[in-house]
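One structure below.
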Amino acid sequence: MKIFISLLFFPICFPAQAQKIESIYANLYTDSLKRGTYNYINIDGKLANGSYLPLDSTDIKFQASDGTFHGNELFIPANFKKECVHIKATLKTNPALCKEFTIFIKKSEDSDNLKSEDELMDEMRRNSKSSPKK
């Protein structure tokens, strides 16, 4: 009986094998960076089994030609004048795996004058009355 119980718990003594990251990818949420705000830089790791794992600053060393990183977020000052920022993301456990890319700075400012719900509904009503019905 003692042997049976020992054999039952034997596999627990071995550490679990973690999946190894084979490559990393930049999966950006936007095509440009905004001035005066934090811009999230998303890096995914492709595992040996083909699945993807989001990586953060505990896994990735971030470097940028301009701005400052706070975790995965790159802060671009409001008075930034250059057209783009060059970013390098390196896997900490395997520095041979790195991804370098350039992201451009958004040129046009966001409009602060968003339409209200009532204005949108009125516009939709006007458009539906003016369009011919089939």
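- Rounding to the nearest 0.5 angstrom, the gap separating the CD1 atom in Ile43 from the CG atom in Leu55 is 8.0 Å.
- Defined by atom type and a distance below 3.5 Å, a donor-acceptor pair is present between the side-chain atoms of Asp44 and Asn27.
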Could you pull out all donor-acceptor pairs under 3.5 Å where a side-chain atom in residues 89-100 meets a protein atom, sequence neighbours excluded?
| from | atom 1 | to | atom 2 | distance (Å) |
| --- | --- | --- | --- | --- |
| Lys92 | NZ | Ser57 | O | 2.7 |
| Asn94 | OD1 | Ala96 | N | 3.2 |
| Glu100 | OE1 | His86 | NE2 | 3.0 |

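- In this structure the side chain of Ile41 reaches within 4.5 angstrom of the side chain of Ile103, judged on heavy atoms.
- Hydrophobic clustering keeps Tyr40 apart from Leu33 (ILVMFWY residues linked when any side-chain heavy atoms are closer than 4.5 Å, directly or through intermediates).
- Taking CG of Asn49 as the reference point, atom CG of Leu47 lies at 5.5 Å (rounded to 0.5 Å).
- Looking at residues two or more places apart in sequence or on another chain, you find a salt bridge (Lys or Arg N to Asp or Glu O under 4.0 Å) between Lys115 and Glu123.
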Donor-acceptor contacts under 3.5 Å from residues 78-85 side chains, at least two apart:
| from | atom 1 | to | atom 2 | distance (Å) |
| --- | --- | --- | --- | --- |
| Lys82 | NZ | Asp66 | OD1 | 3.1 |
| Lys82 | NZ | Asp66 | OD2 | 3.4 |

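- Among pairs with a residue in residues 56-79, those fulfilling ring-ring contact (aromatic ring centres under 6.0 Å, His included) read Tyr38-His70, Tyr38-Phe75, Phe62-Phe69, at least two apart in sequence or across chains.
- More than 12 heavy atoms of other shown residues, nucleotides or ligands fall within 6.0 angstrom of atom CZ in Phe101.
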Walk me through whether Ile105 and Ile76 qualify under side chain to side chain contact (heavy atoms under 4.5 Å, CB included). CA-CA 9 Å; Ile105 303 296; Ile76 301 296; 4.3 Å; yes
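- Residues meeting the side chain to side chain donor-acceptor pair (under 3.5 Å) test with Asp31, sequence neighbours left out: none.
- The side chain to side chain contact (heavy atoms under 4.5 Å, CB included) check on Ser116 picks up Asp118, Glu119, with sequence neighbours excluded.
- Using a 4.5 Å heavy-atom threshold, the side chains of Leu28 and Asn42 count as separate.
- No side-chain donor-acceptor contact under 3.5 Å links Thr37 to the backbone of Lys34.
- A distance of 7.5 Å separates OG in Ser65 from CD1 in Ile87, rounded to the nearest 0.5 Å.
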